[in-house]
Amino acid sequence: MASLQQSILPSISQAFLPSNSSQVNFVSSGKRVSVLVKAERVSSAATASCSSISFLDGVARRKLLALGASIPGILLFADTPISFAAESKKGFLPVTDKKDGYTFLYPFGWQEVSIEGEDKVFKDVIEPLESVSVNLVPTSKEDVKEFGPPDKVAETLIKKVLAPTNQKTKLVQAKEQDVEGKTYYTFEFTAQAPNYTRHALSVICINKGKFYTLTTGANERRWDKMKDRLYTVVDSFRVFNA
């Protein structure tokens, strides 16, 4: 695991672990509105506070979410590989980044925000722990298997990058999956803070000199309600040659 810590962790850590305050830009109708928010002690995709969103706006978004009912989630650890995934599904919207070569789905109603160090972030404006983020850093490796087996790589990323060091983390399970010639490591974990626990899913992959990490999750108290949608998000992630 020394190679993982030397070649990937320094760059990822800088992107995932922000300072005590972060500049967040809400993206809407082609305009960005900057809001200075205090970061929670969670991964950067979950740190943006939504104090500037009005109660009425939140109620309206809840109604939209209720209308956009999602389909049953694709099991994260299913044996059958899932095909290239940026096609529309009921209750989800597709994202395709042709420049950086990746695609995924996110739940309808989540809002895009801009967070320094992240390539792409979407989140629920009412439940700040419900989010999805994509991070990518350069690497000289050609395959995630070069860093080690799924469980060992997952444990290192969780402890060093995806959760603050003062939180108690637990790896639930991890799996390797090969799809169209690419190796994906997918894992599930929890990170316990003093006043909440985040239940999260991550998938990592390497393609064309880039190390990709997608992470999504929710507050533990909402895990049973959200897990099918979060499984769909993480299973939809695919990389391609840009």
Side-chain angles (χ1 to χ4, degrees), residues 1-16 43-45 74-89 92-106 112 114-122 131-158 160-162 171 173-189 200-217 230-242:
M1 296 302 297
S3 60
L4 176 63
Q5 297 187 37
Q6 293 172 1
S7 63
I8 293 297
L9 291 183
S11 298
I12 298 185
S13 297
Q14 184 177 5
F16 271 84
S43 64
S44 62
I74 303 170
L75 291 180
L76 171 63
F77 298 100
D79 291 331
T80 303
I82 299 167
S83 61
F84 193 81
E87 59 184 67
S88 296
K89 294 178 182 289
F92 294 85
L93 295 174
V95 175
T96 300
D97 189 320
K98 295 181 179 180
K99 177 182 177 182
D100 291 314
Y102 66 85
T103 180
F104 66 95
L105 302 173
Y106 70 94
E112 183 177 6
S114 177
I115 298 179
E116 184 178 359
E118 301 291 340
D119 195 67
K120 195 79 68 177
V121 181
F122 292 88
S131 64
V132 58
S133 65
V134 176
N135 178 273
L136 51 101
V137 294
T139 180
S140 60
K141 305 295 184 181
E142 296 183 357
D143 195 294
V144 292
K145 289 186 286 188
E146 296 180 45
F147 290 119
D151 57 339
K152 297 301 182 182
V153 175
E155 286 177 352
T156 299
L157 287 174
I158 293 167
K160 302 289 185 179
V161 176
L162 300 178
L171 175 64
Q173 53 185 332
K175 185 176 180 179
E176 173 185 330
Q177 190 177 37
D178 293 321
V179 181
E180 299 180 355
K182 300 295 180 184
T183 302
Y184 296 81
Y185 282 0
T186 313
F187 49 95
E188 176 183 351
F189 66 97
L201 308 170
S202 288
V203 56
I204 61 175
C205 185
I206 290 176
N207 188 47
K208 296 294 184 180
K210 297 176 183 178
F211 183 100
Y212 298 82
T213 305
L214 177 145
T215 299
T216 186
L230 301 181
Y231 285 152
T232 299
V233 172
V234 79
D235 280 336
S236 71
F237 182 72
R238 292 291 177 265
V239 299
F240 56 89
N241 296 334

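In this chain, residues are counted from 1 in sequence order.
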If you round to the nearest 0.5 Å, how far is [atom2] of [Y] from [atom1] of [X]?
| X | Y | atom1 | atom2 | value |
| --- | --- | --- | --- | --- |
| Phe237 | Ser202 | CZ | OG | 11.0 Å |
| Ser131 | Ile115 | OG | CD1 | 7.5 Å |
| Phe189 | Gln173 | CZ | CD | 13.0 Å |
| Ser236 | Tyr106 | OG | OH | 12.0 Å |
| Thr215 | Leu230 | OG1 | CG | 11.5 Å |

For Phe122 and Val95, what are the C-alpha separation, side-chain angles and deciding distance, and is it a side-chain contact (heavy atoms from CB on, under 4.5 Å)?
-> CA-CA 10 Å; Phe122 292 88; Val95 175; 3.7 Å; yes
Could you tell me whether the side chain of [Y] reaches within less than 4.5 Å of the side chain of [X], counting heavy atoms only?
| X | Y | result |
| --- | --- | --- |
| Phe104 | Lys120 | yes |
| Glu118 | Ser133 | yes |
| Leu93 | Leu105 | no |
| Asp151 | Leu171 | yes |
| Thr213 | Leu136 | no |
| Leu162 | Phe187 | yes |
| Tyr184 | Glu176 | no |
| Tyr231 | Leu201 | yes |

Is there a side-chain contact (heavy atoms from CB on, under 4.5 Å) between Leu214 and Val234 once you walk through the steps?
-> CA-CA 7 Å; Leu214 177 145; Val234 79; 4.1 Å; yes
Counterpart residues, side-chain hydrogen bond (donor to acceptor under 3.5 Å, both in side chains), relative to Lys182 (two or more places apart) =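 Checked Lys182 against side-chain hydrogen bond (donor to acceptor under 3.5 Å, both in side chains); matches are Asn207.
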With sequence neighbours excluded, residues passing side-chain hydrogen bond (donor to acceptor under 3.5 Å, both in side chains) with Asp119 =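 Expected list: Tyr102.
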Taking only residues two or more places apart in sequence or in another chain, which ones pass salt bridge (Lys or Arg N to Asp or Glu O under 4.0 Å) with Lys210?
->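 For Lys210 the salt bridge (Lys or Arg N to Asp or Glu O under 4.0 Å) partners, ignoring immediate neighbours, are Asp100.
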Contact summary for Ala154 and Ala174, nearest pair of heavy atoms |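 The answer is CB-CB, 4.4 Å.
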Do you know the tightest heavy-atom contact between Lys208 and Asn241?
->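 Heavy atoms of Lys208 and Asn241 come nearest at CE-OD1, 3.2 Å.
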Taking the six-membered ring of Tyr212, is the NZ or CZ of Arg238 close enough (under 6.0 Å from the centre) and on axis enough (within 45°)?
->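 No.
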By ring-ring contact (aromatic ring centres under 6.0 Å, His included), which residues pair with Tyr185, not counting sequence neighbours?
->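 Checked Tyr185 against ring-ring contact (aromatic ring centres under 6.0 Å, His included); zero matches.
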Okay, side chain of Asp97, backbone of Thr103: is any donor-acceptor separation there less than 3.5 Å?
->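 Not a single qualifying donor-acceptor pair exists.
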Val144 vs Val153, side-chain contact (heavy atoms from CB on, under 4.5 Å): CA-CA, chis, key distance, verdict | CA-CA 9 Å; Val144 292; Val153 175; over 6 Å; no
Applying side chain to side chain contact (heavy atoms under 4.5 Å, CB included), name anything that partners Asp143, two or more places apart in sequence or on another chain.
->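 Result, side chain to side chain contact (heavy atoms under 4.5 Å, CB included) vs Asp143: Lys145, Glu146, Thr183.
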